[in-house]
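These values consider heavy atoms only, across backbone and side chains, with no hydrogens, waters or symmetry-generated copies. We're numbering straight along the sequence, starting at 1. Order of appearance sets the numbers: ligands from 1, and atoms from 1 within every ligand.
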Amino acid sequence: MPRILKKFELVPKIHEIVVDAPQVAARAQPGHFVIVMADERGERVPLTIADYDQNAGTITLVLMVVGTSSAKLAAMAEGDELYAMIGPLGHASEIDRFGTVVMVAGGVGTAPIYPIAKALKQHGNRVISIQGARRAELLFWKEKLSAVSDRHIITTDDGSSGRKGLVTEPLKELLEDDAESIGCVYAIGPAVMMKFCAETTRPFGVKTVVSLNTIMVDGTGMCGGCRVKVGDQTLFTCVDGPEFDGHLVDWDTVLSRHKIYTAEEKCSLDRYIESRQLN
Ligand SMILES: Cc1cc2nc3c(=O)[nH]c(=O)nc-3n(C[C@H](O)[C@H](O)[C@H](O)COP(=O)(O)OP(=O)(O)OC[C@H]3O[C@@H](n4cnc5c(N)ncnc54)[C@H](O)[C@@H]3O)c2cc1C
Ligand code: FES
């Protein structure tokens, strides 16, 4: 089973995990994800392949602790083996010559944005990245993202790093300045952030790609748990995505389906915390 080679906390509650997974690394492309299980009774957790090294046979995952299963994964140590991992899953990102691309990353969304930005840069695009977080201490991979960007703008909600405000503000300014030159905008982060990025680009008619983090179960198109409405179609994020046209996504459904298991998730986390305290 895939072994954890390296694991450390990047910023509070966000962990970088390097996993020995040569077969996954050999086929990984930007936009792909894996589904992992910490133990036999764990949930199946989708995580983006944030980086990969085909020579070393490793993939890098960046995990934010939000509930029971992510907490179980975060509690694993270097040398431990994951119970299961499948992937790469999903469609790879479209890596084309767009001219200028604006990559908007919110919070843990920096991890999935990075490999796409890197590939778009290598493909000859001018990459402008906008990286946002609630406060300075939650920003990670600043240097990595900056290294693959021609321009790197940081925003924080409280102004503790970069400019104070939301990622949509510099995005709007870039569009007002020269929307013609922007061939594509990528936005990855919390659903509400992606929704407002899509609303910002809509009047300018600039192609906007988002990566949806819907609740998933099997990850193979069988259960319907990850379904989303995109235009007049019902699609499955796991096999049709995870990237979709942000202007066509029905954001109200995405946002309401995220909250569907809130009571069960809270109950599960309370039980997990209690069991750790007893041990
Ligand atoms: C294709 C894909 C790629 C992803 N990539 C990453 C990644 O690279 N790094 C990362 O940290 N997370 C990523 N996620 C989100 C991650 O899978 C979830 O955060 C995780 O499954 C939550 O499990 P949990 O049991 O810890 O939390 P739960 O107990 O299930 O939920 C706790 C809280 O988190 C919210 N939540 C639950 N599932 C999701 C979700 N899928 N996305 C956002 N919020 C959720 C719930 O609404 C709830 O408030 C990805 C999701 C998808 C679908
Ligand atoms: S996770 Fe079951 S259909 Fe996508």
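- Looking at S70, its side chain never comes within 3.5 Å of a backbone N or O of T68 through a donor-acceptor pair.
- Between the side chain of K7 and the main chain of A74, a donor-acceptor pair closer than 3.5 Å is present.
- A 4.5 Å side-chain heavy-atom check between I95 and H123 finds at least one atom pair inside the cut-off.
- Close approach of ligand 1 to V62 is summarised as follows: ligand atoms under 4.0 Å from at least one heavy atom of the residue are 7 (C), 8 (O), 9 (N), 10 (C), 11 (O).
- Here is the list of ligand 1 atoms found below 4.0 Å of a heavy atom in S70: 24 (P), 26 (O).
- Taking any N or O of G67, backbone or side chain, at least one lies under 3.5 Å from an N or O belonging to ligand 1.
- Listed by number with element, the atoms of ligand 2 under 4.0 angstrom from any heavy atom of V217 are 1 (S).
- Heavy-atom proximity to T214, at under 4.0 Å, picks out these atoms of ligand 1: 41 (N), 53 (C).
- Using a 4.5 Å cut-off on side-chain heavy atoms (C-beta onward), L139 and I154 make contact.
- Residue contacts to atom 4 (Fe) of ligand 2: C238 brings an N, O or S atom closer than 2.8 Å.
- Checking N213, L212, V66 against atom 19 (O) of ligand 1, the nearest heavy atom belongs to V66.
- The distance from ligand 2 to the heavy atoms of G219 drops below 4.0 Å at these ligand atoms: 1 (S), 2 (Fe).
- Ligand 1 places these atoms under 4.0 Å from at least one heavy atom of M64: 10 (C), 11 (O).
- With contacts defined as side-chain heavy-atom distances shorter than 4.5 Å, the pair L82/V19 qualifies.
- A 4.5 Å side-chain heavy-atom check between H152 and Q131 finds at least one atom pair inside the cut-off.
- When the N, O or S atoms of D218 are ranked by distance to atom 2 (Fe) of ligand 2, OD1 comes first.
- Closest approach of T155 and P170 over heavy atoms only: CG2-CG, 3.7 Å.
- In T48, the parts holding a heavy atom less than 4.0 Å from any atom of ligand 1 are both the side chain and the backbone.
- Put simply, the side chain of R3 gets close to the backbone of G79: a donor and an acceptor are under 3.5 Å apart.
- Atoms of ligand 1 lying under 4.0 Å from at least one heavy atom of L63, given by number and element, are 11 (O).
- Across E243 and E94, no two heavy atoms sit closer than the pair OE1-N, 4.3 Å.
- Counting protein heavy atoms only, atom 3 (S) of ligand 2 is closest to G224 N, 3.2 Å.
- Neither the backbone nor the side chain of R227 has a heavy atom within less than 4.0 Å of ligand 2.
- The backbone N or O of F98 sits nowhere less than 3.5 Å from a side-chain atom of D96 that would complete a donor-acceptor pair.
- Those atoms of ligand 2 that come under 4.0 Å of a heavy atom in C223, given as number and element, are 1 (S), 2 (Fe), 3 (S).
- Using a 4.0 Å cut-off to heavy atoms of M222, the atoms of ligand 2 that qualify are 3 (S).
- Considering backbone and side-chain atoms alike, P46 places an N or O below 3.5 Å from some N or O of ligand 1.
- Annotation for W251 and A198: closest pair NE1-CB, 4.3 Å, computed over non-hydrogen atoms.
- Comparing heavy-atom distances from atom 10 (C) of ligand 1 across L47, V65, L89 singles out L47 as nearest.
- Within the listing of ligand 1, atoms 25 (O) sit less than 4.0 angstrom from a heavy atom of E43.
- With D218 contributing its side chain and M222 its backbone, the two residues share a donor-acceptor pair below 3.5 Å.
- Remark: side-chain polar atoms of D53 are not paired, donor with acceptor, to backbone N or O of T58 under 3.5 angstrom.
- Residue contacts with ligand 1, taken as heavy atom pairs separated by less than 4.0 Å, do not involve A111 at all.
- In summary, the atoms of ligand 1 found under 4.0 Å from a heavy atom of V45, numbered by their order in the structure, are 17 (O), 20 (C), 21 (O).
- Close contacts of ligand 2 with G221, meaning ligand atoms under 4.0 Å from a residue heavy atom, involve 3 (S).
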